[in-house]
Amino acid sequence: MKNVVKPTIRLPQAIALYIGAVLGAGILIIPGMAAQIAGPASLVDWALLMLLAFPLSMCMAYLARSYPNSGGVSYFVTKAFGEKMGHLIGWFFLMSVPIGAPVAAITGAGYLSASFGLTENMRILIACFILLLALSLNYIGMSVAGKVQVAVVCGILAILIAAIIGAVPNVKAANFEPFMTHGALGIGAASTILFWCFIGWEAVSHLSEEFVHPEKDVTRATLISAALIGILYFLSAAAVIGTNSYKMSAQAALVVVAEHAFGRIGAILIGVSALLICLATVVAYIGAASRLALSLSRNGHAPRWFGKVSDKYQTPSGGLIFLSLCFIIIMSLYSMHAVNLGTLIQLPNATFLLTYLGGCAAGVKLFKKEKKPFITSLISLITTLIMFLFVGWAIIYPAAIALFVFFGKPMKVGRQSIISKR
């Protein structure tokens, strides 16, 4: 049996996957929160982060183009620093998704529930449906999932652009004055939360083996999606500030913008958009994590069953089963109020950042003889390192993962790898 995932991702699907991974529910929450912290001057933060997003995204694009592998960042780190470090970074990312995906699903379900006045139990059911749908799409394969992702992303962009255009008549110049309501310190404080709106580039690197033309489509898809995402974030923030919506509801300012523009139907459309945004994010991250589980298994760093591939669809069914079990546990704990959303949001922060740190550091080493990729990786490494200083208590989670990886009971996984069957 040939256990190799078939390349099916072309440029449109690649752009949609990048947008889906990066454009999370933050676009509905962060513009208002940033404006509350820095006032109209938060637009400076958005402009700066748009510029910084390019080296961060391009660092991952250069690595994915040069070293296409389902191991993603784990593989890049292995190439640069050896198997142990690559193994650790792989587990950091893999264990981020079992928490991060349910958080995204719960967030999307929450916005939809608020728009339609649904109960908390319905919110949990909708979140479970999002996870089940994303798992099913990934099981069928990226050829189908990628096409669905294109449709979903087009729907997201249409709704958000309509909300921004609809806000134009309500924008007033007076709402941008005074510009620096909280001084330069406010701009600095807002930048820390904006950073989370521009991560997600590492996820698609795990799908690079499935690009039909990785040598050209990886960088093209990255540049196009980074430009679209940056512009959309900036315009959303401008609409939130120009209409003064963030003073009415910082965490749902875009909902206020849409409601003022189109009435009740506007709020419903944003609720639907939130659901689609979170579905797109979950599809991309489940796809990345399941491929990583496959890579770790075939290289002897995870249980053998993680490497199981569907005979029918040639998709990583073992990784999808692992994620399904994790989702059941997390959603059960959340539904029983054993853990709240705030705690779940913070836990994977440090592991995601450490994944980026590993990837950027790998880029610095692997591209030391290539000027543009080297400088890009170095800028990204410095930026990510600064942001890592703000993770706080969430460092406990990657510390526990590292202890398990290095000092846990050795797993009898063997090295019957897919590589040997190619």
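Hydrogens, waters and symmetry mates are skipped; everything else that's a heavy atom, side chains included, is used. Worth saying up front: this structure is predicted, and the values here are computed from it rather than measured.
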Exercise. Going from CD1 on I99 to CG on L347, what distance comes out if it is rounded to the nearest 0.5 angstrom?
Worked result: 4.5 Å
Problem set entry | Pairwise side-chain contact, L160 with S273, heavy-atom cut-off 4.5 Å (strictly under) | yes
Problem set entry | Value rounded to 0.5 Å, distance of CZ in F176 from CG in N244 | 9.5 Å
Exercise. What pairs with R123 under salt bridge (Lys or Arg N to Asp or Glu O under 4.0 Å), at least two apart in sequence or on another chain?
Worked result: E120
For this session: Determine whether L88 and F92 make a side-chain contact, defined as any pair of heavy atoms from C-beta on separated by less than 4.5 Å.
Result: yes
For this session: Working to the nearest 0.5 Å, report the span between CD1 of I401 and CZ of F406.
Result: 12.0 Å
Problem set entry | N69 (side chain) donor-acceptor with G71 (main chain) under 3.5 angstrom | yes
Problem set entry | Atom pair CD1 (I126) and CG (L133), whose distance is rounded to the nearest 0.5 Å | 13.0 Å
Exercise. Sub-3.5 Å donor-acceptor pair from the side chain of S42 to the main-chain atoms of D45, do we have one?
Worked result: no
For this session: Please report the closest heavy-atom contact between P348 and T351, naming both atoms and the distance.
Result: O-OG1, 2.8 Å
Problem set entry | Shortest non-hydrogen contact between G307 and L294, atoms and distance | O-CD1, 3.4 Å
Exercise. How far apart are the closest heavy atoms of T222 and A61, and which atoms are they?
Worked result: OG1-CB, 3.4 Å
For this session: Check whether any side-chain heavy atom of T243 lies under 4.5 Å from a side-chain heavy atom of K172, and answer yes or no.
Result: no
Problem set entry | Test item: L112 and V272 side chains (from C-beta on) under 4.5 Å apart, heavy atoms | yes
For this session: Test K372 against Y62 for side chain to side chain contact (heavy atoms under 4.5 Å, CB included), laying out the working first.
Result: CA-CA 10 Å; K372 188 185 289 186; Y62 287 136; 3.1 Å; yes
Problem set entry | 4.5 Å side-chain heavy-atom contact, V97 and L323 | yes
Exercise. Distance-only, no hydrogens or angles: does the Y397 side chain make a donor-acceptor pair with backbone N or O of M95 under 3.5 Å?
Worked result: yes
Seminar exercise, completed: Scanning both residues in full, the closest heavy-atom pair of P40 with N175 reads CG-O, 3.6 Å
Exercise. Side chain of S297, backbone of R304: donor and acceptor closer than 3.5 Å?
Worked result: yes
For this session: May I have the step-by-step check of side chain to side chain contact (heavy atoms under 4.5 Å, CB included) for F93 and I89, ending in yes or no?
Result: CA-CA 6 Å; F93 181 81; I89 292 295; 5.8 Å; no
For this session: Indicate yes or no: at least one non-hydrogen side-chain atom of L11 is less than 4.5 angstrom from one of R220.
Result: yes
Problem set entry | Derivation and outcome, ring-ring contact (aromatic ring centres under 6.0 Å, His included), residues F327 and Y334 | CA-CA 10 Å; F327 294 160; Y334 178 78; over 10 Å; no
For this session: With side chain to side chain contact (heavy atoms under 4.5 Å, CB included) as the test, would you mind laying out the steps for Y356 and L56 before giving the verdict?
Result: CA-CA 9 Å; Y356 265 94; L56 193 62; 3.7 Å; yes
Exercise. Under the 3.5 angstrom rule, does the side chain of N138 hit a backbone N or O of L320 as a donor-acceptor pair?
Worked result: no
Exercise. With side chains defined as the heavy atoms from C-beta onward, is the minimum distance between I161 and L232 less than 4.5 Å?
Worked result: yes
For this session: Determine the interplanar angle of the Y67 and F76 rings, folded into 0 to 90°, and report it as parallel if under 30°, tilted if 30 to 60°, perpendicular if over 60°.
Result: tilted
Problem set entry | Minimum heavy-atom distance between A239 and V257, given as atom pair plus value | O-CG2, 4.1 Å
Exercise. Checking side chain to side chain contact (heavy atoms under 4.5 Å, CB included) for the pair Y18/V218: CA distance, chi angles, key distance, verdict?
Worked result: CA-CA 10 Å; Y18 274 121; V218 170; 3.8 Å; yes
Exercise. Is the backbone N or O of I19 less than 3.5 Å from a side-chain atom of S225, with the two atoms forming a donor-acceptor pair by type?
Worked result: no
For this session: With the side chain counted from C-beta on, respond yes when L223 and M58 share a heavy-atom pair under 4.5 Å apart, and no when they do not.
Result: yes
Exercise. So, for F388 and A350, which heavy atoms are closest and what is the spacing to 0.1 Å?
Worked result: CE1-O, 4.2 Å
For this session: Give a yes or no on whether the backbone of G319 and the side-chain of S290 come within a donor-acceptor separation of less than 3.5 Å.
Result: no
For this session: Look up atom SG in C278 and atom CD1 in I106, then write down how far apart they are to the nearest 0.5 Å.
Result: 10.5 Å
For this session: Would you check if the side chain of S335 reaches a backbone N or O of M331 as a donor-acceptor pair within less than 3.5 Å?
Result: yes
Exercise. With ring centroids as reference points, do W46 and F234 lie under 6.0 angstrom apart?
Worked result: no
For this session: Specify whether F306 and W91 have parallel, tilted or perpendicular ring planes, treating 30° as the upper limit for parallel and 60° as the lower limit for perpendicular.
Result: tilted
For this session: May I ask you to check whether N340 and T343 show a side-chain donor-acceptor distance below 3.5 Å?
Result: yes
Problem set entry | Donor-acceptor pair, side chain of S66 and main chain of L63, under 3.5 angstrom | no
Exercise. Quick one: does S380's side chain have a donor or acceptor within less than 3.5 Å of a partner on P55's backbone?
Worked result: yes
Exercise. Got a second to check how far S295's OG is from N299's CG, nearest 0.5 Å?
Worked result: 5.0 Å
For this session: Would you check, one step at a time, whether the test side-chain hydrogen bond (donor to acceptor under 3.5 Å, both in side chains) holds for S310 with S317?
Result: CA-CA 6 Å; S310 166; S317 55; 5.6 Å; no
